[in-house]
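Note sheet for the following structure.
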Amino acid sequence: MREKLEQIRKEALQNLADVNADLEEIRVRYLGKKGELTSVLRSMGQLSPEERPKIGQLANEVRESIEQEISRRAAQAKDLLLQAKLKSEKIDVTMPGEEPSVGHLHPLNRVQREMEEIFIGMGFSIAEGPDVELDYYNFQALNIPEGHPARDTQDTFYISDKVLLRSQTSPVQVRVMEKQKPPIRIISPGRVYRSDALDATHSPLFHQMEGLVVDKGITMGDLKGMLETFAKKMFGDSTRIRFRPHHFPFTEPSAEVDVSCFVCGGCGCRVCKGEGWIEILGAGMVHPFVLSNCGIDPEVYSGFAFGMGIERVAMTRYGIDDIRLFTDNDARFLNQF
Ligand code: PHE
């Protein structure tokens with residue numbers, strides 16, 4: 001019986017040494033109610049009284065050593081599992097985090113806001129008008145009746161005979177003057193549309209900023225001084241401006257206004273195409289017909305207006321040579337601003 005017990009111990013411990021051993025199965029096989037050790041113990045009645053306690057003691061030792069080994073292996077397995085879990089779920093809190101990328105303003109919005117800031121600083125407020133506009137506001141009230149050649153240069157998209165996408169921000173002048181009596185001092189930034197094919201310098205959708213000042217005794221000198229202040233703030237202190245005679249149906253007299261090239265200072269370079277000057281806007285004194293159309297007496301009041309392309313200002317400012325870059329949505333371009 002002694003041998004039988006030793007053999008059980010040896011066999012059980014051997015089985016337990018296997019890394020894949022099923023601990024519960026081994027426990028049942030040796031220590032369970034019908035287990036091998038139990039059946040040996042059951043047959044102890046056959047032993048002599050002297051032998052019984054010795055065999056009993058040995059049997060207890062065998063059971064204990066098997067139990068111990070089982071619990072040691074169980075603890076080991078649990079530990080291994082925990083280690084594996086810790087390893088797979090490891091978080092290194094010292095690792096640099098993934099920085100959420102924060103966007104920034106589109107270069108056009110940025111330039112627009114800068115322009116707004118400059119004019120707000122000179123006492124202007126912002127007025128808005130609809131993109132979908134009546135022919136009356138976009139053309140007729142601005143002294144451009146049907147059939148007028150100025151319509152050709154501002155051909156746009158028509159929703160019906162009388163409704164169109166505005167080709168300029170000038171209709172906002174009319175809308176403001178209809179509602180508000182002088183003194184008026186507004187700027188109006190926004191989208192404008194023209195049925196132009198898309199190329200490096202043309203786009204069917206672009207942005208303009210209109211300006212309008214109406215009061216008693218407003219002169220061309222006021223226009224010039226105000227634009228000069230704007231140009232210096234926008235393009236740098238040494239910037240000069242120049243007026244060239246031009247024609248707009250809604251201003252009289254009218255001018256196109258250039259700024260001295262901020263790259264070469266006026267000597268001529270690649271940016272100004274050798275001119276020394278860059279055209280940035282159209283301007284003039286509000287035509288008396290336009291004032292009357294809006295119920296403002298041109299004998300009492302006078303005013304000036306100007307309009308400039310925001311893309312044009314941004315392109316000049318940053319040396320961008322293709323208007324399509326603004327809408328291509330290419331992060332390599334946008335990240336530069
Ligand atoms: N609206 C004109 C254009 O789009 C610009 C302009 C505005 C000219 C105001 C004079 C006065 O060409």
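Every value quoted in this text rests on a predicted model; they were computed, and no experiment measured them. Ligands are counted one by one from 1 in listed order, and the atoms in each one are counted from 1 as well. Every heavy atom of this structure was used, including side-chain atoms; hydrogens, water molecules and symmetry mates were not.
In this structure, R166 is not positioned above the aromatic face of Y137 in the sense of NZ or CZ being under 6.0 Å from the six-membered ring centre and within 45° of the axis.
Using a 30° and 60° split on the angle between ring planes, F337 and F333 fall in the perpendicular class, above 60°.
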Distances under 3.5 Å, N/O of ligand 1 against N/O of the protein: list each pair and its distance.
residue, atom, partner, partner atom, Å
ligand 1, 1 (N), Q168, OE1, 2.7
ligand 1, 1 (N), S170, OG, 2.9
ligand 1, 4 (O), R194, NH2, 3.0
ligand 1, 4 (O), Q208, NE2, 2.8

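For D215 and Y301, the side-chain atoms include no donor-acceptor pair closer than 3.5 Å.
The ring-ring contact (aromatic ring centres under 6.0 Å, His included) search around F124 returns F119, not counting sequence neighbours.
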Q. Should E24 and R27 be marked as a salt bridge (Lys or Arg N to Asp or Glu O under 4.0 Å) after you check the CA-CA gap, both sets of side-chain angles, and the distance that decides it?
A. CA-CA 5 Å; E24 181 55 16; R27 195 190 62 75; 3.0 Å; yes

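Salt bridge status for K54 with E51: absent, with no side-chain N to carboxylate O gap under 4.0 Å.
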